[in-house]
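To start, the structure itself, in structure tokens.
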Amino acid sequence: TVYDSFHIGHARAAVAFDVVRRYLEFAGLRVRYVSNFTDIDDKIIARAQRENRSWRELTLAYIREFNDLMDSLNVKRADRSPKCSEYIPEMIEYVGELVAAGRAYVSDGDVYFDVPGFAEYGALSGRKIADQVAGASGRTGDEADRKRHPADFALWKSAKAGEPSWDSPWGPGRPGWHIECSVMSSKIHGPAFDIHGGGMDLIFPHHENEIAQSRAHGDGFATFWMHNGFVGFDFKNLPSETIDAIRREQPEAVDEDGN
């Protein structure tokens, strides 16, 4: 999600999966490596508004920075690097199919996935629906009153004043965070592909939600899941302002003692 500069945690994931890719190619396998950019998102919109810049200008700048840093690490460029904003019509179609199938519902211009209606939810992470904390991702906004169940997640978000938006059958809005991955994967790889990668922090709820919406749509999605670990270091030796910044971005990463 290109709302800020690339950091060492991103590098960990990029290098880890570059190694996987290079080994598969070394072993003689044909590899299609896809790494997408989320270029429309709550955090992107907020950053662009603070800096009085367009969301396109902001995201393109961070994508260029990302690619330059990847090159400096000798990480091979992906075969495809789709952007969320390039697949909005396909996302609208996909969401409409989930609504038509009774897997999602419309509420005040938003569209939500019916999590309790998907019996396999939690299979990847081993977590139960009751474990999900509403609003933990920082992407839920004020939608609690519009959802049938706290675990339901947004497939389409109605537009607020001054936000970028696209026309849809449910009114102007933009895609939710999770739907983009399922749609771009299905359009580039087809309904099923071999390996889905990412950091451990994405297992729940992001990857769990991807599985739910894809399988509910009738897609096989990923056969294997691989997750890289975190970069570990001693928080106590960091400046207090750095710890405060980490706490704002990832509250679960720092305890009350700054550890």
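The model shown is predicted, which means the values in this text are computed figures rather than measured ones.
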Tell me whether the guanidinium CZ or amine NZ of R148 lies under 6.0 angstrom from the six-membered ring centre of Y105 and within 45° of its axis.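 Judged by the rule (NZ or CZ under 6.0 Å from the ring centre, within 45° of its axis), R148 counts as positioned above Y105.
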Exercise. With a distance cut-off below 6.0 Å to the six-membered ring centre and an angular limit of 45° from the axis, does R21 pair with Y33 as a cation-pi contact?
Worked result: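 Relative to the ring axis of Y33, which defines the angle, R21 lies inside both limits.
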Same cluster for [X] and [Y] if Ile/Leu/Val/Met/Phe/Trp/Tyr side chains link at under 4.5 Å?
| X | Y | result |
| --- | --- | --- |
| V15 | F17 | no |
| V34 | V75 | yes |
| L155 | I129 | yes |
| F193 | W225 | yes |
| V31 | I195 | yes |

inquiry  = Let's go through K147 and F153 carefully: what are the C-alpha distance in whole Å and the side-chain angles of both, what is the deciding distance for side chain to side chain contact (heavy atoms under 4.5 Å, CB included) to 0.1 Å, and is it a yes or a no?
reply    = CA-CA 8 Å; K147 298 196 293 185; F153 57 89; over 6 Å; no
More than 12 heavy atoms of other groups within 6.0 Å of D167 CG:
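Not buried by this count: 12 neighbours or fewer within 6.0 Å.
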Q | I8, CD1: over 12 other non-hydrogen atoms inside 6.0 angstrom | A |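 Open.
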Looking at every non-hydrogen atom in both residues, tell me the closest pair between [X] and [Y] and how far apart they are.
| X | Y | answer |
| --- | --- | --- |
| A78 | S81 | CB-OG, 3.7 Å |
| D152 | V115 | OD1-N, 2.9 Å |
| E208 | S125 | OE1-OG, 2.7 Å |
| C84 | M91 | O-CE, 3.4 Å |
| A192 | G220 | CB-CA, 4.3 Å |
| L98 | Q213 | CD2-O, 3.7 Å |

So, [X] and [Y]: side-chain donor and acceptor under 3.5 Å apart, yes or no?
| X | Y | result |
| --- | --- | --- |
| S158 | W170 | no |
| Y112 | D110 | yes |
| S85 | D39 | yes |
| E210 | S182 | no |

Run D42 and R174 through side chain to side chain contact (heavy atoms under 4.5 Å, CB included) and show every step you take. CA-CA 10 Å; D42 290 352; R174 54 192 168 85; 2.5 Å; yes
| message | Strictly below 4.0 Å, N to O, side chains only: are E25 and R22 in salt-bridge contact? | response |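 Salt bridge absent between E25 and R22.
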Original post:
Salt bridge or not for K43 and D4, using N-O below 4.0 Å?
Top reply: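 Looking at D4 together with K43, the answer is no, because their closest N to O distance does not fall below 4.0 Å.
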(message) Within the 4.5 Å heavy-atom criterion, are C181 and H206 side-chain neighbours or not?
(response)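 Result yes, sub-4.5 Å side-chain heavy-atom pair found.
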If you define the side chain from C-beta out and look only at heavy atoms, does anything of M200 sit under 4.5 Å from N228?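 No, too far: nothing below the 4.5 Å cut-off.
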- Message: Working note: Y87 + E180, criterion side chain to side chain contact (heavy atoms under 4.5 Å, CB included); need CA distance, chi angles, decisive distance, verdict.
- Response: CA-CA 8 Å; Y87 286 79; E180 62 189 72; over 6 Å; no
For I40 and W166, what are the C-alpha separation, side-chain angles and deciding distance, and is it a side chain to side chain contact (heavy atoms under 4.5 Å, CB included)? CA-CA 11 Å; I40 188 70; W166 289 262; 4.1 Å; yes
Which distance, rounded to the nearest 0.5 Å, do you find between the [atom1] of [X] and the [atom2] of [Y]?
| X | Y | atom1 | atom2 | answer |
| --- | --- | --- | --- | --- |
| R77 | D18 | CZ | CG | 12.5 Å |
| L69 | H10 | CG | NE2 | 11.0 Å |
| E90 | I88 | CD | CD1 | 9.0 Å |

Can you classify the ring geometry of Y94 versus H217 as parallel (below 30°), tilted (30 to 60°) or perpendicular (above 60°)?
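Rings of Y94 and H217: parallel, as their planes differ by under 30°.
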Residue pairs, two or more places apart or on separate chains, that pass ring-ring contact (aromatic ring centres under 6.0 Å, His included) and touch residues 58-85: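 Passing the test, one end in residues 58-85: F6-F66, F37-F66.
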Q | Residues that E65 engages under salt bridge (Lys or Arg N to Asp or Glu O under 4.0 Å), provided they are two or more places apart | A |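 Listed in chain order: nothing, the list is empty.
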Counting the benzene-type ring for Trp, do H227 and H207 have ring centres under 6.0 Å apart?
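Aromatic pair counts; centres sit under 6.0 Å.
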Among F113, F118, Y121, find the one that has a side-chain contact (heavy atoms from CB on, under 4.5 Å) with N209.
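The side-chain contact (heavy atoms from CB on, under 4.5 Å) with N209 is passed solely by Y121 among F113, F118, Y121.
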